[in-house]
Structure formats: structure tokens, C-alpha cells
Amino acid sequence: MEYTSPNEAELKVKMWPKAAIAAGYRHSVGLKSDGTVTAVGDDKYGKLEVNDWRDIVAVAAGNAHTGNSHTIGLKSDGTVVAVGWNKHEQCKVSDWRDIVAIAAGWRRSVGLKSDGKVVAVGRNNDGQCNVFDWHNIVGIAAGDWHTVGLQADGSVTTIGNNRYGQCKVNGWHDIVAVGAGYLHTVGLKSNGTVVAVGLNKDGQCDVSEWHNIVAISAGSNHTIGLKADGSVMATGLNKHGECNISDWCDIVEISAGCTHTLGLKSDGTVVAVGSNEFGQCDVSNWHGIQLSAK
């Protein structure tokens, strides 16, 4: 199957992207079609305590290169729930309303509202929560110390730490999806190619030769791309085997965590590679994982 540029109607359908899988720091989260959620891995601070969640339509997991993390769930009524590490009040999302997409960074939660505005709570030492003046946003991503917003015209805005140039996206255009890692930012273009800026010590920004990409995900120090034929590309740090995805097939969604990677297959099962020190890759018994039908 060859990649074809999405038309305006398709872009509107994808305007508020949602996730059925999320790879965080030492944990993995999966959304079932009935709106319930499952999670495995390190349960420090209770980030796996999602058994009582209902009516969930998207999940996100705090993805940090180091430190603790949390888990977020978007409900069908536009409200948000969160569990896990809350030292910086990153789980104080109970008053959020009209949310259509969520993202989780290190010590931070970000929500996209239906009117194109963005809300954020948590650590703001680098200004990564200063999104109150953003508008016309259709997609969001949260790195460790920076926040990324995809605008309706295909341009990208960023805020937060720019030490390695991870916020230098002013020249980007025709972008249809964004991702943010520890110190890098990734953008998917409408023609199926990918751009990246920021720290490239481990080759996490070496995406210039990618094509036919339909989805992207940025881990702490690696980048994953889903191809139109269901195969997956990977570049960056592979210390724990988090880039060993060359044999994956029939993948419909991807998520890159700190040191592991998740792939959702078309049959609702999930595959995982990378560090499994805390059981974050123990997803072989998962089934029925897909976006909620609610």
C-alpha cells in the first residue's frame, strides 16, 4: 500500500489524534475497546492503578529519560483522569473540560481543548506549561522539558527548554503529526516524510530518508515511524533493544517510551521490545486493545 497525501476531509478526521497504547517510563498502558484500561510495569506512586477507569477514549503515559511518571486517561465526556507521581501537581486534571487530546511529559500533563486552546499543569521551570496563549492547535506532544503544538495550518509551535534546538521548528510546514522526546522534536509531513530537530547524539533525529510514514512517536532517545504497509522504522539509542522492530508487521499504532517500544497490531494484540526490567514489556496476553468505541 503506497502512502497518499491526506485530503482535507481526512485531516479533519485525524484532527484530534487519540492513542490506544502508551509507553512511559518503566510502564505500558493499553486501552480496550470497551473503554477500560490495562497497565503493566513499575507501579511506583500507583501509576498502574487504572482498573476502575471507565469510558476512556485515549491514554497517555509520562515518558521521562529519568525519574518517576504518571498515567492519564481521556474520558468520552471530555474530562480527564490521572494517577501516579504528583509531586508537581501533574495529576491535578479533575477540573479540565472539553478535552479532545492528551499528552504526558515528565512532571507535566497537557490537554488540547475542542476550541483549539491548550491547558497544562505540572513542572514549569522551563516554561513548558506556558501554553495559555496558544490557539488553533490540532495536536500536542510533551517532551521532558518542552511542549509542542501542531497548528491547523500545518505549522508547529513550541515552548520550554531549547538547549539542543528542540524548539527550532519555525520553518516547519505541512505537518500532520508531532512527537517530543527527551531533547528532540519530530514532525510528520503530509507527504509521508519526517523531520526532526534537537539532540542527535544517538541518531534519534536521523529520519531524513524515511518515507511512506503515517504515524510517529518519540521516545526519550529514539524515534519510531509507522509505515503505510504496517511495518515500522526506528532510529536512535538501542541500548535496550528498543529499536529492534524490523520484523514487526500488521502494526496500526506505535508508542515509544523511555527505553522500550510498543506496537498495536490490527488484531488488537500488542508487541513490545526494549527494557523489561519492570515488566513493562509483558503485554503478550493483552487483547482487544483499540480505541474505545464509545
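Because only heavy atoms are used, hydrogens play no part in the values below, and waters and symmetry mates are left out as well, while side chains stay in. No experiment lies behind these values; they were computed from the predicted model shown.
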Do the non-hydrogen side-chain atoms of K113 and V118 ever get within less than 4.5 Å of each other? no
Side-chain (E277) to main-chain (S275) donor-acceptor, under 3.5 angstrom: no
Check: A142 main-chain N/O paired with T147 side-chain donor or acceptor under 3.5 Å: no
Counting distance only, does the side-chain N/O of S28 pair as donor-acceptor with the main-chain N or O of A23 below 3.5 Å? no
Ion pair present between D95 and K92, side-chain N to carboxylate O less than 4.0 angstrom? no
If I take atom OG from residue S217 and atom NE2 from residue H222, how far apart are they, to the nearest 0.5 angstrom? 7.0 Å
With a 4.5 Å cut-off on side-chain heavy atoms, are K265 and V270 touching? no
Could you check whether the rings of W145 and Y182 sit parallel, tilted or perpendicular, using 30° and 60° as the cut-offs? perpendicular
With I159, which of D133, D126, V131 fulfils side chain to side chain contact (heavy atoms under 4.5 Å, CB included)? V131
Any side-chain heavy-atom pair of D267 and D250 under 4.5 Å: no
If you measure only the distance, is there a donor-acceptor pair under 3.5 Å linking the side chains of Q166 and N161? yes
Give a yes or no answer on whether the side chain of T235 reaches the backbone of G203 with a donor-acceptor pair at less than 3.5 Å. yes
Quick check: does any side chain N or O of N124 sit under 3.5 Å from a backbone N or O of C129, one acting as donor and the other as acceptor? yes
Quick check: does any side chain N or O of K18 sit under 3.5 Å from a backbone N or O of V100, one acting as donor and the other as acceptor? yes
Over all atoms of both residues, closest heavy-atom pair of N200 and D206: ND2-OD1, 2.9 Å
